[in-house]
Q: 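Structure provided below as structure tokens; questions to follow.
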Amino acid sequence: MPWIVGVSGASGTPYAAAVLRTLLAAGESVDLVVSRASRLTLLDETGISFRDAHWQHDLREWLARGADGKPGTFDADVSGVRHWSAGDLAAGPSSGSYPTKGMLIVPASTACVAGVALGLSKDLLQRTASVTLKERRRLVVAVRETPLDGRTLRHLVTLDDAGASVVPASPAFYAGATHIQDLVDFVAGRVLDAAGVGHDLYRRWRGDLGGARPTG
């Protein structure tokens, strides 16, 4: 069964790329839904146009980039990905009878959070999230916004009450980050932790103060 990865319009496309690369490297299959708003963000952050008709080429180019925007940083095998257009409300993941392991929304915009919390299902991403909740499957929402106002906080509480895991895109520094990719990988790793997917994206806390400090 696949994991569904939904990419909404919030800033943070490198987070999504890191999650996708790690899932694929772990041998997981992925169903991908890229919202219309997120395509504008992807174009702005990477210069890549994500096109339904050329999604494999565009996804491969996206996943090959490092968090600093450098192309060709990673090898990108997208053979384990199935892409669904965000406007296709008849797609497989729109039905609860379509078997999945769960869904990761990374990054999740406040508009996406509101739509899922209110059950709007205005596109395939929101519909799939609603299906994931009603079927009692894992839903991880990596919200990326600051500051958070009261409405969004209430929506996040609604998602938590419904069984979702809310994972703010908040990098930590105890893992010894020395590069922007390290900070991105920490957030991606915490998203995967919430989903129960193994990885080695960041140095875990072992109770040793100062363990992340550089030596020499």
Side-chain angles (χ1 to χ4, degrees), residues 1-13 15-17 19-21 23-24 28-46 48-60 62-63 78-145 152 155-156 158-159 162-167 169 191-192 194-195 197:
M1 289 190 294
W3 284 99
I4 299 172
V5 175
V7 187
S8 79
S11 177
T13 55
Y15 295 133
V19 166
L20 286 165
R21 282 194 301 266
L23 285 171
L24 294 172
E28 300 282 356
S29 58
V30 173
D31 280 17
L32 178 65
V33 181
V34 180
S35 76
R36 291 176 179 173
S38 70
R39 300 175 193 221
L40 298 176
T41 306
L42 182 64
L43 180 63
D44 184 54
E45 293 184 345
T46 69
I48 296 171
S49 296
F50 192 91
R51 303 158 294 177
D52 285 343
H54 305 281
W55 70 267
Q56 288 176 309
H57 173 274
D58 298 337
L59 178 62
R60 190 178 298 110
W62 175 22
L63 298 190
V78 301
S79 59
V81 180
R82 183 174 187 178
H83 168 257
W84 301 93
S85 174
D88 184 5
L89 291 177
S94 69
S95 172
S97 65
Y98 184 84
T100 74
K101 292 183 177 180
M103 182 177 188
L104 317 176
I105 305 178
V106 54
S109 67
T110 54
C112 174
V113 167
V116 176
L118 297 173
L120 298 183
S121 296
K122 74 178 185 68
D123 62 8
L124 181 61
L125 195 158
Q126 291 185 14
R127 170 60 186 168
T128 302
S130 294
V131 167
T132 301
L133 288 175
K134 81 180 183 67
E135 297 294 328
R136 301 296 190 266
R137 298 168 184 160
R138 288 182 189 256
L139 175 63
V140 182
V141 180
V143 61
R144 213 305 305 163
E145 186 58 86
T152 299
H155 291 149
L156 292 173
T158 297
L159 292 179
S165 295
V166 176
V167 181
V191 170
L192 293 166
V197 177

Q: Using modelled atom types and a 3.5 Å cut-off, is there a donor and acceptor pairing between side-chain atoms of Ser109 and backbone atoms of Ser8?
A: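 Between the backbone of Ser8 and the side chain of Ser109 there is no qualifying donor-acceptor contact (under 3.5 Å).
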
Q: Would Val81 and Leu59 satisfy side chain to side chain contact (heavy atoms under 4.5 Å, CB included), going step by step from the backbone distance to the final call?
A: CA-CA 9 Å; Val81 180; Leu59 178 62; 3.9 Å; yes

Q: Take Arg39 and Asp52 through the test salt bridge (charged side-chain N to carboxylate O under 4.0 Å, His left out) and record every step on the way to the result.
A: CA-CA 11 Å; Arg39 300 175 193 221; Asp52 285 343; 2.9 Å; yes

Q: Using modelled atom types and a 3.5 Å cut-off, is there a donor and acceptor pairing between side-chain atoms of Arg51 and backbone atoms of Asp58?
A: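 It does not hold such a pair.
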
Q: Ignoring hydrogens and angles, tell me if any N or O in the side chain of Ser38 forms a donor-acceptor pair with the backbone of Val7 under 3.5 Å.
A: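 Yes.
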
Q: Ignoring hydrogens and geometry beyond distance, is a side-chain donor-acceptor pair present between Thr13 and Glu45 at under 3.5 Å?
A: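 The criterion, which ignores hydrogens and geometry beyond distance, is satisfied for Glu45 and Thr13.
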
Q: Quick one: do Leu42 and Trp62 satisfy side chain to side chain contact (heavy atoms under 4.5 Å, CB included)? Show the steps, please.
A: CA-CA 9 Å; Leu42 182 64; Trp62 175 22; 3.5 Å; yes

Q: Does any N or O in the side chain of Arg137 come within less than 3.5 Å of the main-chain N or O of Gly96, such that one atom is a donor and the other an acceptor?
A: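 The answer is yes, because a donor-acceptor pair under 3.5 Å joins these two groups.
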
Q: Report yes or no: does Ser94 contribute a side-chain atom to a donor-acceptor pair with the main-chain N or O of Ala91 at less than 3.5 Å?
A: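 Present.
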
Q: Within the structure provided, determine whether Thr128 and Thr132 are in side-chain contact (heavy-atom separation under 4.5 Å).
A: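 Of all side-chain heavy-atom pairs linking Thr132 with Thr128, at least one is under 4.5 Å.
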
Q: Using only atom types and a distance under 3.5 Å, with no angle test, would you say the side chain of Gln126 pairs donor to acceptor with the backbone of Lys122?
A: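 Checking the backbone N and O of Lys122 against the side chain of Gln126, a donor-acceptor pair under 3.5 Å is found.
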
Q: Assess, by modelled atom type and distance only, whether the side chains of Trp3 and Asp31 contain a donor and an acceptor separated by less than 3.5 Å.
A: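 Looking only at side-chain atoms, Asp31 and Trp3 do not form any donor-acceptor pair under 3.5 Å.
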
Q: Strictly under 6.0 Å, is that where the ring centroids of Phe50 and His57 end up?
A: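 They do not qualify: ring centres at least 6.0 Å apart.
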
